Amino acid sequence: MGCLRSWTSYDFSGTVDDEFLKNLGLEKGTRKLVNHEERGRVLQAMDGCSYKAAAGGSLSNTLVALARLGSRSLRDPAINVAMAGSVASDLLGGFYREKLRRANVQFLSAPIKDATTGTVIVLTTPDAQRTMLAYQGTSSTVNFDTSLASAVSKTNILVVEGYLFELPDTIKTITKVCKEARSNGALVAVTASDVTCIERHYDHFWEIVGNYADLIFANVDEARALCNFDANESTVSVTRYLSQFVPLVSVTDGLRGSYIGVKGEAVYIPPSPCVPVDTCGAGDAYASGILYGVLRGVSDLRNIGTIAAKVAATVVAQQGTRLRISDAVKLAESFEFQLDTSVVRSDIGTV
């Protein structure tokens, strides 16, 4: 069972032009935290635009894709996916829990009374660049309660979302959950999430990454931030460096492909061909492919990376961040030949 944690949000995603961003004073391609008033101003400006609303959050995108990839197999049991996070008992919180339930992702945490569920506004321009505005709401707390403790005791992989470090005093909860997961033989994975988040909480990131992480997911800019390298450092060298501290490292570099690092070495994974429509969710989808490969026992790192690249390309070629059910079924069927009984866990820990 994959027990995976995140602060949660309801996503509003739409396509806008550069003029829309300019009029609101937004820098294209960035992610920023906004307050209640700023959120309202942007949503009001989007009135009349075409947009979608969905249970969002970077990690929930990964979990839904993983649940859909792992739902059907001729030879393996379904992958059970669960999530703990912070949602309020308001209308958006109810929508959030129901959307995840329909996607076969069990939501473990009880709703918080008299609070507001967070939202993320994702604005995508025609060049497939995304600008993200995150409102954390007033429900931004994560507790190590009995339901989470029970799930962690049975999980194979615990994934900690980097955005969690933005929440006050959350490092204590993260540390406790990671200790519990490792003591029960689970792997611990960490998503880097965002460069500015890493810069703000650098010491906390390394406290978890250095002491508990078996896997880390990052794009090249996030990986450079973690390593405290400048922008001229190559993707391959960053991957090699990080893999000296974390057993399995995944570093993506957009259209240039990605690298998987193990023990100071890096394996190049070429991008899977596609016509980009919306890059929002590409890294989340890539991470789901890595998790799927590890949980299914794929032994070859290049095969794991190829699976991840194909999942990411499928999501990039559509509007929206979620892997569609029909696409997940086709992908899982195409991956069957790459699955075998030997495991990569000899390099990245014991489950």
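Everything numeric in this text was worked out from a predicted model, so none of it was measured.
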Please tell me if the side chains of [X] and [Y] come closer than 4.5 Å, counting only heavy atoms from C-beta onward.
| X | Y | result |
| --- | --- | --- |
| V249 | V262 | no |
| M83 | L108 | no |
| T62 | Y286 | no |
| L323 | V64 | no |
| S193 | F217 | no |
| L255 | P271 | no |
| L295 | L66 | yes |
| Y292 | I307 | yes |

Inset, instruction - Test K330 against T314 for side chain to side chain contact (heavy atoms under 4.5 Å, CB included), laying out the working first. - result: CA-CA 11 Å; K330 293 176 183 176; T314 301; over 6 Å; no

Short question: side chain of [X], backbone of [Y] - any donor-acceptor pair under 3.5 Å?
| X | Y | answer |
| --- | --- | --- |
| R97 | F107 | no |
| D230 | N232 | yes |
| Y202 | L226 | yes |
| E222 | N219 | yes |
| T235 | V220 | no |
| Y10 | F95 | no |
| T131 | G29 | yes |
| N211 | E207 | yes |
| S288 | A65 | no |
| T155 | V152 | no |

Inset, instruction - Before giving the answer on salt bridge (Lys or Arg N to Asp or Glu O under 4.0 Å), spell out for E27 and K32 the whole-Å C-alpha distance, their side-chain angles and the decisive distance to 0.1 Å. - result: CA-CA 10 Å; E27 183 181 352; K32 65 176 289 190; over 6 Å; no

Inset, instruction - Carefully, step by step, assess T321 and N61 under the rule side-chain hydrogen bond (donor to acceptor under 3.5 Å, both in side chains). - result: CA-CA 7 Å; T321 60; N61 292 333; 3.2 Å; yes

Under a 3.5 Å cutoff, is there a donor and acceptor pairing between the side chains of [X] and [Y]?
| X | Y | answer |
| --- | --- | --- |
| Y163 | S58 | no |
| S147 | S150 | no |
| S60 | R322 | yes |
| T125 | Q129 | no |

Can [Y] be reached from [X] by stepping across I, L, V, M, F, W or Y side chains whose heavy atoms are under 4.5 Å apart?
| X | Y | result |
| --- | --- | --- |
| L91 | L100 | yes |
| L69 | V294 | yes |
| L59 | V195 | no |
| F144 | Y212 | yes |
| L164 | I171 | yes |

Can you name the nearest heavy-atom pair linking [X] to [Y], along with the distance?
| X | Y | value |
| --- | --- | --- |
| R296 | G70 | NH2-O, 3.4 Å |
| A285 | V311 | O-CG1, 3.5 Å |
| C274 | V316 | SG-CG1, 3.9 Å |
| C197 | G162 | SG-O, 3.4 Å |
| A266 | V236 | CB-CG2, 3.9 Å |
| I208 | C178 | CG2-SG, 4.1 Å |

Which value, rounded to the nearest 0.5 Å, describes the distance between [X] atom [atom1] and [Y] atom [atom2]?
| X | Y | atom1 | atom2 | value |
| --- | --- | --- | --- | --- |
| N35 | R41 | CG | CZ | 9.0 Å |
| E161 | E166 | CD | CD | 10.5 Å |
| L301 | I290 | CG | CD1 | 8.5 Å |
| T306 | I260 | OG1 | CD1 | 8.0 Å |
| F165 | H204 | CZ | NE2 | 8.0 Å |
| T30 | L21 | OG1 | CG | 8.5 Å |

Legend entry - Over 12 foreign heavy atoms within 6.0 Å of OH, Y268: yes

Legend entry - Aromatic ring proximity F229/Y241, centre distance under 6.0 Å: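 Yes, the ring of F229 comes within the 6.0 Å limit of the ring of Y241, centre to centre.
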
Inset, instruction - Apply the test side chain to side chain contact (heavy atoms under 4.5 Å, CB included) to residues V188 and R182: give CA-CA distance (whole Å), side-chain angles for both, the deciding distance (0.1 Å), then the verdict. - result: CA-CA 7 Å; V188 173; R182 291 295 296 271; 3.7 Å; yes

Inset, instruction - May I ask you to say whether D127 pairs ionically with K28, meaning some side-chain N is under 4.0 Å from a carboxylate O? - result: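 Answer for the salt bridge query: yes.
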
Legend entry - Cationic N near anionic O, under 4.0 Å, E98 to R101: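 The answer is yes: the pair qualifies as a salt bridge.
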
Inset, instruction - Given side chain to side chain contact (heavy atoms under 4.5 Å, CB included), test L215 with L187 step by step and report yes or no. - result: CA-CA 8 Å; L215 299 85; L187 300 178; 4.0 Å; yes

Inset, instruction - Please lay out, stage by stage, how F12 and V122 fare under the test side chain to side chain contact (heavy atoms under 4.5 Å, CB included). - result: CA-CA 6 Å; F12 296 90; V122 183; over 6 Å; no

